[in-house]
Protein chains: 2
Amino acid sequence: MNDTIEILRTLGVQPTPQRIAVADYVLNTEGHPSADEVLARSRETCPTISRASVYNTLNLLVDKGLLKAHTLREGAVVFDRNTERHHHFIDEESGEIHDIPWEHLAVSGGSNLADFQIRDYQVILRGRKKES
Amino acid sequence: MNDTIEILRTLGVQPTPQRIAVADYVLNTEGHPSADEVLARSRETCPTISRASVYNTLNLLVDKGLLKAHTLREGAVVFDRNTERHHHFIDEESGEIHDIPWEHLAVSGGSNLADFQIRDYQVILRGRKKES
DNA sequence: TACCAATGTCAGACATAGTCTAAACCGCCA
DNA sequence: TGGCGGTTTAGACTATGTCTGACATTGGTA
């Protein structure tokens, strides 16, 4: 919470209660929430926050590089506090999205893609998470 | 066109003018059109077709396995007549989506993912297509 | 302290993707 | 002719996301 305020200040962003509520949740979750989920969670600590402020803050954090937006789900963008390169596993039953560390998979054969300048890539896996 | 009618019949689907217009376009394009693009193109041959019929037909073709739906673009699902396994390259300037043949890339390291039952996967590449 | 400009927030309007519904329509068969 | 499925249609509806213009808050300056 105090950390969150500090982070916002470091970015040169005024730490308003609304921004703190959004950042505090979204930067401290392992999940991949949609804007709607962020809105709901932010209202727990800042009940009057509006949809517009949530979108503003999320887009701000993406611009500042603290957050990544992925279009992994149908219908809604999800936000990911993990900004390092990584892959994604999507559980087709629960809809849950799990991060897969970059080192866990290797992609080879890029030399076949001479026509393309590749700036970024990731593997998207789908299936079911085993009970654990 | 006659082929398209035959394909629909084989699926046990009544070949109506609307379905023919949709299928004829979407099964014969190399691109990755959104529902909206399919609507516009279908109206060239069937001017009265409605949005609902386009969605109905597209979903029908997906159910029947003739088409795949991908959430690669923000805001809209795209349809892909290529139902074989393959990867995707997304041109970040033009937004164009290109198919990458399955054999052109290899993904290794799946043994690190013991917690997951993987049913399907693909590599998503982003960057710029070189002039050719 | 008082003021002002800049910055933020808010509700609601708007745009767009997609689904659903109820009525009309069509081809077929009696 | 009349009826019966299956199909299409316009429009209502939902949801995600952006935009706008009014209002609130903040920080700086005197």
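Below, read A as the first sequence line, B as the second, and so on, with proteins coming before strands; counting in each chain starts at 1.
Remark: of the listed residues A:Asp36, A:Ile49, A:Asn59, A:Val26, A:Ile49 is the sole one forming a side chain to side chain contact (heavy atoms under 4.5 Å, CB included) with A:Val54. Between B:His70 and the choices B:His32, B:His88, B:His87, the ring-ring contact (aromatic ring centres under 6.0 Å, His included) rule is met once, by B:His88.
Comparing D:dT9, C:dA17, D:dG17 by their closest approach to the side chain of B:Thr48 singles out D:dT9.
Between A:Tyr55 and the phosphate of D:dT18, there is no side-chain N or O to OP1/OP2 separation shorter than 4.0 Å. Distances shown here put every side-chain N or O of A:Ser50 at or beyond 4.0 Å from the OP1 or OP2 atom of C:dT9. Taking side-chain N and O atoms only, A:Asn59 has a distance below 4.0 Å to OP1 or OP2 of D:dT18. For the OP1/OP2 pair of C:dT9 and a distance below 4.0 Å, the side-chain nitrogens and oxygens of A:Thr16 include at least one atom meeting the criterion. Side-chain N/O atoms of B:Gln14 include none lying less than 4.0 angstrom from OP1 or OP2 on D:dG5.
Among the atoms of the strands shown, only primed sugar atoms or phosphate atoms (P, OP1, OP2) are found under 4.0 Å from some heavy atom of A:Ala76. Across all strands, A:Arg19 comes closer than 4.0 Å only to sugar-phosphate atoms, never to a base (heavy-atom distances).
For the pair B:Leu58 CG and C:dG18 P, the interatomic distance rounds to 10 Å; values are reported in whole Å.
Looking at A:His86 and A:Asp80, their side chains do bring a donor and an acceptor atom within 3.5 Å of each other.
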